[in-house]
Amino acid sequence: MPKQENIRNIAIIAHVDHGKTTLVDEMLKQGGIYRENQATVDRVMDSGDLERERGITILAKNTSIYYKDTKINIIDTPGHADFGGEVERILKMVNGVILLVDAAEGPMPQTRFVLQKALELGHKVIVAVNKVDKPDARVHEVMDEVLELLLDLDATDDQFNSPTVFCSGRQGTASYGPDEAGTDLVPLFETIVNYIDPPKGDENAPLQLLVSSIDYNEYVGRIAVGRIERGSIKVNQEVMICDYHDPEFKQKAKVVALYEYDGLGKNPIQTASAGEIVALSGIADITIGRTICAPDAVEALPFVKISEPTIEMTFAVNDSPFAGKEGKFVTSRNLRDRLEKELMKDVSLRVTEQGTDSFNVAGRGEMHLSILMETMRREGYEFSVSTPRVLTREIDGKLCEPIERMVADVPEDCMGAVIEKMGRRKGDLLGMTPVGNRYRLEFKVPSRGLFGYRSEFLTDTRGEGIMSSVLDSYAPMKGEIERRLVGSLIAFETGEACAYGLAAAQERGALFIGSGTPVYAGMVVGICSRNEDMTVNVCKKKQLTNMRAAGSDDAVRLITPRNYSLEQCLEFLADDELLECTPKSLRIRKRELDHGLRMRQLMKKRAQEQQ
């Protein structure tokens, strides 16, 4: 076991796509983790299927390397604001952070959010300007922006004078100056060892360990991960579990197995002392935020209060005519068990039961919940979800809604379209900064104003725009926001879509389905070009009589249907629609499937509006 003065615990924080995971790859290679002839994988820390497909980090993960005789425990964190709960809880495990900033883009909203949390905990910061080899790098301006950000967040003098290292994660180089060419990552390792403090904790005091993360293994069950604040822990040791927010809670337990992080794996060990990040198994119902103590000194450690969720959706049992055909887990009990399992490891999720077969699931953003849905689909679950709703709060007697700080990098000729759309969605323009031949626009916009905007934004900027947002504050409700300017094309009857019916329907708008797709009455089969819903009969077949008019027998030409992803389906959903998620399909449907009942409800609504 390394001594306390030879341990450094750090987290790497950055905005999405600024190169955290690529830099960790190179740190592992140069930290001697791989054998000389061992095959290596790019972005090895992105171990989940979804992480690899999307090229983003979703879960915070631990690893460790050795530099000379110092063990450096590294935690790779997600860059999306929607997974901010993952970052907030692991900051208690570390003594310092590496703030990674793209040399072209500079600090972005998520950088501000996580850095603020790290500064509040008094952590030391190392600024790493990454991608300095990019042709559009503007290193000196980015350094000024980082200093402005530190001033803005009330950093202490020590934090403001943080050392800066200039890196190229892809090439695996680092240097002390912006104009020096690096050869390896030694400057970064040296800065970590010399600047970040080793953990402080009395090795001879009674045990105290805060659980900051939960891992799971089919064979040993739940694995608690955390840093030993003081004392030491041994295999087969009797311990007491307590909770800072629930003083009454006390539970006896026993440490069955103990592991340390070594490179990409975990090594079983017999004992560990203060300062080490360890994983331990044998405590069946351990959860994040609990403290593991010695039985003769039960003192709970305070756990960082995780920011509250901002949006919620209703997950319900699928009750469409096609229910149960494609999914393996379809009952409310299956759904409840799966959501409870997710709650154990995702601290920023909230689940409340609504009746017998539906649950309100609240999270940080659309992406936070859509990743959960995609994971459940892949596991064989079948369910339906409603449109996202913002969670309001009452502040000083006024109903307030969450406001996001949205930053968009757009080409100069697309600025007008973005500013106009943001105006319609009740967004206020805060600033406009030229960055090369592009502009960076900063807005404060209600969270519900961003629902369904991403695909419009990509259309308006011809796919060249980059947008990101993070929760800024709560403000009084801004009034009605029109989300959708188009209606839905709705199937009139249950059956199989055929080319003749689809050819007539595609003149009314864009279709989601092709020939041969099974449909049911009330299912949304496309986008109506007018701002109203329209019922179409896509199952209509050509009458095979012998009466024909000249020229009317031309071949039917169908336009390729639009294939929407899960996020795009959620963006498209109207308030009276549901998304049916199954392992094989995503279907949008009306809540009320019966055409006659829908028409009656519409007439009632119009009559009320006229009164």
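Atoms considered below: every heavy atom in the structure, side chains included; atoms not considered: hydrogens, waters and symmetry mates.
Donor-acceptor pairing under 3.5 Å is recorded for the side chains of Arg389 and Thr314. Donor-acceptor pairing under 3.5 Å is recorded for the side chains of Glu326 and Ser585.
Judged by distance alone, the side chain of Ser529 and the main-chain N or O of Gly509 form no donor-acceptor pair under 3.5 Å. No donor-acceptor pair under 3.5 Å is formed between the side chain of Glu567 and the backbone N or O of Glu366. Within the 3.5 Å criterion, the main-chain N or O of Met477 finds no donor-acceptor partner in the side chain of Glu401. Not one N or O on the side chain of Arg598 forms a donor-acceptor pair closer than 3.5 Å with the backbone of Arg600. Without hydrogens or angle criteria, Asn537 side chain to Cys539 main chain gives a donor-acceptor distance under 3.5 Å.
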Between Leu578 and Arg589, does a side chain to side chain contact (heavy atoms under 4.5 Å, CB included) hold up when you go through it step by step? CA-CA 5 Å; Leu578 296 171; Arg589 50 161 284 198; 4.0 Å; yes

Audit row: Glu571, Leu450, side chain to side chain contact (heavy atoms under 4.5 Å, CB included) steps and yes/no: CA-CA 9 Å; Glu571 286 179 1; Leu450 290 175; over 6 Å; no

Steps toward side chain to side chain donor-acceptor pair (under 3.5 Å) verdict (Glu404, Ser447): CA-CA 6 Å; Glu404 307 250 348; Ser447 292; 3.0 Å; yes

Step-by-step side chain to side chain contact (heavy atoms under 4.5 Å, CB included) determination, Lys478 to Arg448: CA-CA 10 Å; Lys478 297 247 185 179; Arg448 61 198 169 99; 4.2 Å; yes

Pair Cys414, Asp460 - check side chain to side chain contact (heavy atoms under 4.5 Å, CB included), show working. CA-CA 7 Å; Cys414 302; Asp460 292 341; 5.9 Å; no

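When the salt bridge (charged side-chain N to carboxylate O under 4.0 Å, His left out) test is applied to Asp575, no partner is found at least two apart in sequence or on another chain. Qualifying side chain to side chain contact (heavy atoms under 4.5 Å, CB included) partners for Asp533, counting only residues two or more places apart in sequence or in other chains: Arg484, Ser488, Ile490, Asp576, Lys590.
Listed by first and then second residue, the side chain to side chain donor-acceptor pair (under 3.5 Å) pairs involving residues 504-524 are Tyr520-Glu580 (not counting sequence neighbours). Pairs engaging residues 576-611 under the ring pair (Phe, Tyr, Trp, His ring centres under 6.0 Å) rule: none recorded [sequence neighbours left out]. Within the structure, the ring pair (Phe, Tyr, Trp, His ring centres under 6.0 Å) test picks out the following pairs touching residues 379-438 (sequence neighbours left out): Phe315-Phe383, Phe329-Tyr381. Within the structure, ring pair (Phe, Tyr, Trp, His ring centres under 6.0 Å) contacts touching residues 470-506 (residues at least two apart or in different chains) do not occur.
Heavy atoms from other residues, nucleotides or ligands lying under 6.0 Å from NZ of Lys421 number more than 12. Within a 6.0 Å radius of CG in Asn563, other residues, nucleotides and ligands contribute 12 heavy atoms or fewer. More than 12 heavy atoms of other residues, nucleotides or ligands lie within 6.0 Å of CZ in Arg591, so this atom counts as buried by the packing criterion. Within 6.0 Å of CD in Glu609 there are more than 12 heavy atoms belonging to other residues, nucleotides or ligands.
Residues Arg336 and Glu353 are paired through a salt bridge, judged by an N-O separation under 4.0 Å between the basic side chain and the carboxylate. Ion pairing of Glu374 with Arg377 is present here, as a side-chain N (NZ or NE/NH1/NH2) and a carboxylate O approach within less than 4.0 Å. Between Glu456 and Arg425, at least one side-chain N (NZ, or NE/NH1/NH2) sits under 4.0 Å from a carboxylate O, which counts as a salt bridge.
Taking OG of Ser386 as the start and CG of Leu570 as the end, the distance is 9.0 Å to the nearest 0.5 Å.
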